[in-house]
Amino acid sequence: MEDFKTKTGRTVEDMSIKDQLILDKLPRHVAIIMDGNGRWAKQRGNSRVFGHKNGVKAVREVTEAAAELGIDYLTLYAFSTENWNRPKIEVDALMALLVSTISSEAKTLMKNNVKLNAIGCKESLPDHVQKQLENCISETSKNTGLTLSLALSYSSRWEIVEAVKNIAQAIKENTVDPEDITNEVFSNYLTTAGIPDPELMIRTSGEHRISNFLLWQLAYSELYFSEILWPDFRKEDFYRALIDFQSRERRFGKTSDQLKK
Ligand code: FPP
């Protein structure tokens with residue numbers, strides 16, 4: 001995967017971190033709250049936008065790592081509904097960064113069989129961003145490797161309210177019987193329809209919050225919090241999160257003894 005424009009400078013010690021992974025016990029879906037760009041930039045006496053620009057390298061690293069390991073789904077929280085309230089200069093810069101990154105990485109996504117997807121209120125994105133996104137989604141739609149979902153203008157409460165509205169409409173039109181609504185039926189009304197729930201959610205920068213991200217889908221996910229600020233997050237940090245995940249006992253409400261039977 002040397003086509004991803006990244007040089008990790010991995011040390012011998014880091015190599016051994018990857019070797020500790022149990023390859024047949026990987027999650028199918030990892031979701032990430034990429035946090036800490038602003039603080040990373042501030043530590044360097046620079047603007048918040050500088051932090052976002054440097055965050056793109058970490059996006060490449062985790063995408064490459066996930067694709068190389070054969071993980072099926074990676075979902076990145078790139079812009080929340082609430083992020084529209086940030087200063088206009090920062091919102092505009094984030095939109096421009098999104099467009100330039102999608103445009104510069106499209107070829108690499110193709111070459112590495114990555115399928116791009118977007119979740120969130122796409123209609124609220126500026127027209128040129130929607131266009132660029134749709135082009136890349138359509139160009140990569142036949143790829144069969146990693147599905148990379150960008151959460152854009154996304155919030156979980158927005159998504160759940162939209163799902164409820166659509167179900168209510170379907171009931172009104174007599175195409176859905178309230179008695180038939182199950183977890184699976186409800187899931188199919190979410191923007192993640194067809195994508196399995198994440199087994200692992202990572203948040204960087206030392207914050208221990210979910211921040212309106214995949215509230216329904218994270219019901220049974222393992223949560224991993226890293227102190228590292230997003231622009232510094234590298235493949236090895238991703239492996240560490242996966243190794244930690246592999247040490248967890250996932251009980252889904254059962255007892256430890258029941259799982260051993
Ligand atoms: C959170 O850090 C980060 C964001 C709101 C934006 C994430 C965007 C990128 C990583 C760059 C572009 C992404 C793609 C997919 C091309 P923060 O600004 O809240 O940091 P702070 O908590 O330190 O202020």
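Just so it is clear, the structure is predicted and the values come from calculations on it, not from any experiment. Ligands are counted one by one from 1 in listed order, and the atoms in each one are counted from 1 as well.
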Self-check item: Best match, H52, R39, E105: closest heavy atom to atom 22 (O) of ligand 1
Solution: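 Result: the heavy atom closest to atom 22 (O) of ligand 1 is in R39.
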Quiz item: For atom 15 (C) of ligand 1, which of I102, N54, L150, T204 has the closest heavy atom?
Solution: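 Looking at heavy atoms only, L150 sits closest to atom 15 (C) of ligand 1.
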Quiz item: Under the salt bridge (charged side-chain N to carboxylate O under 4.0 Å, His left out) rule, what pairs show up with a residue in residues 32-45, not counting sequence neighbours?
Solution: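 Sorted pair list: D35-R39, D35-R203, R39-E207.
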Practice problem: Sorted by first residue and then second, give each salt bridge (charged side-chain N to carboxylate O under 4.0 Å, His left out) pair with at least one member in residues 150-159; sequence neighbours left out. | Solution: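 Qualifying pairs, neighbours excluded: none.
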Within the structure, does [X] bring an N/O atom to less than 3.5 angstrom of an N/O atom in ligand 1?
{"X": "N37", "value": "yes"}
{"X": "W40", "value": "no"}
{"X": "T101", "value": "no"}
{"X": "R48", "value": "yes"}

Practice problem: Of the side chain and backbone of R86, name the one, both, or neither that has a heavy atom under 4.0 Å from an atom of ligand 1. | Solution: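 R86 to ligand 1: side-chain contact only, backbone stays beyond 4.0 Å.
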Exercise. May I ask you to identify, for L76, whether its side chain, its backbone, both or neither come under 4.0 Å of ligand 1 on a heavy-atom basis?
Key: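 Near ligand 1, L76 shows nothing, with every heavy atom at 4.0 Å or more.
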Exercise. Return the residue, atom name and 0.1 Å-rounded distance of the protein heavy atom closest to atom 13 (C) of ligand 1.
Key: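 Among all protein heavy atoms, the one nearest atom 13 (C) of ligand 1 is V59 CG2, 4.1 Å.
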Quiz prompt | atom 3 (C) of ligand 1 - nearest protein heavy atom and its distance | solution =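 Nearest neighbour among protein heavy atoms for atom 3 (C) of ligand 1, to 0.1 Å: M34 O, 3.2 Å.
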Only heavy atoms of [X], strictly under 4.0 Å: list the atoms of ligand 1 that pass.
{"X": "D35", "value": "1 (C), 2 (O), 17 (P), 19 (O), 20 (O), 21 (P), 22 (O)"}
{"X": "G38", "value": "17 (P), 18 (O), 20 (O), 21 (P), 23 (O), 24 (O)"}
{"X": "W230", "value": "10 (C)"}
{"X": "N83", "value": "5 (C)"}

Quiz item: Does K53 come within less than 4.0 Å of ligand 1, judged by its heavy atoms?
Solution: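 Under 4.0 Å: no for K53.
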Quiz item: Does some non-hydrogen atom of A78 fall short of 4.0 Å from ligand 1?
Solution: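 Yes, A78 has heavy atoms under 4.0 Å from ligand 1.
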Please give me the minimum heavy-atom distance between [X] and [Y], naming the atom from each residue.
{"X": "Q20", "Y": "Q246", "result": "O-OE1, 4.3 Å"}
{"X": "P198", "Y": "S221", "result": "O-OG, 2.5 Å"}
{"X": "E61", "Y": "K235", "result": "OE1-N, 2.9 Å"}

Quiz item: Quick one: does Y224's side chain have a donor or acceptor within less than 3.5 Å of a partner on F238's backbone?
Solution: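 No, the answer is negative, given that no donor and acceptor are paired below the 3.5 Å cut-off.
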Quiz prompt | Minimum side-chain heavy-atom gap M95-D92 below 4.5 Å | solution =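 They are not in contact (no side-chain heavy atoms under 4.5 Å apart), so the answer is no.
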Practice problem: Please assess Q217 against L190 for the test side-chain contact (heavy atoms from CB on, under 4.5 Å), listing each intermediate value before the final yes or no. | Solution: CA-CA 9 Å; Q217 298 87 337; L190 297 172; 3.8 Å; yes
Exercise. Answer yes if the side chains of W216 and S156 hold a donor-acceptor pair under 3.5 Å, and no otherwise.
Key: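 Checked: W216/S156 side chains show no N/O donor-acceptor pair below 3.5 Å.
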Self-check item: Nearest-0.5 Å distance, CG of residue L133 to CG of residue L116
Solution: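 It is 6.0 Å, given to the nearest 0.5 Å.
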